[in-house]
Amino acid sequence: MNKTKGFQRMTKQRRIILEVLRNTTSHPTADWIYERVKEKIPNISLGTVYRNLKTLKEMGEIMELNYGSSFSRFDGNPKDHYHFVCEKCGKVYDVNMPVDETLNEKASQATGYKVYYHRCEFHGLCKECSSPD
Ligand code: ZN
Ligand code: MN
């Protein structure tokens, strides 16, 4: 998480983007967010949505999740939490378990580096994808 919050204002555009993100648990892509935001601000461009997402991330309001694919997903919950990625349908779920703070210290001891936080993602099959049909 970005700990150095900039001096950015919460504009109307940003507030609406944030609202869209906070009202879904699906960890959507920028394109998905753009389609929803367009319903409220019809003349907004995809580029503007991207720029505002970047700013909201810098403000510490949202998280960007990058799984090495060509596009990022966004999370309206900026607090540290773990994710589960389904290998079949590609959905990203929140994992309701406490973040292991001791890992930061262990990684710090192993490397001698300052560790601020860690990210953890679990991979497998979600309930829908692992049921027979
Ligand atoms: Zn699945
Ligand atoms: Mn999440």
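All values reported here derive from a predicted model rather than from experimental measurement. Every number for a ligand or one of its atoms is a count from 1 in the order of the listing.
Rounded to 10°, the angle formed at the Mn ion (ligand 2) by His27 NE2 and His83 NE2 is 90°. Note: angle at the Zn ion (ligand 1), from SG of Cys129 to SG of Cys86, is 110° (rounded to 10 degrees). Between the SG atom of Cys126 and the SG atom of Cys89, the angle taken at the Zn ion (ligand 1) works out to 110° after rounding to 10°.
Looking only at N/O/S atoms, His81 comes nearest to the Mn ion (ligand 2) through NE2. For Asp94, the N/O/S atom at the shortest distance from the Mn ion (ligand 2) is named OD1. The atom name of the N/O/S atom in Asp75 closest to the Mn ion (ligand 2) is OD2.
His83 and Glu121 are not linked by any side-chain donor-acceptor pair at a separation below 3.5 angstrom, with hydrogens and angles left out of the test. With no hydrogens or angles considered, a side-chain donor-acceptor pair links Thr102 and Asp100 at under 3.5 Å. Looking at His118 and Asp80, their side chains never bring a donor and an acceptor atom within 3.5 Å of each other. Between the side chains of His81 and Asn96, no donor N or O sits under 3.5 Å from an acceptor N or O.
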Inset, instruction - In sequence, state the C-alpha distance, the side-chain angles, and the governing distance for Gln13 and Thr48, and then conclude on side chain to side chain contact (heavy atoms under 4.5 Å, CB included). - result: CA-CA 9 Å; Gln13 283 180 345; Thr48 302; 3.5 Å; yes
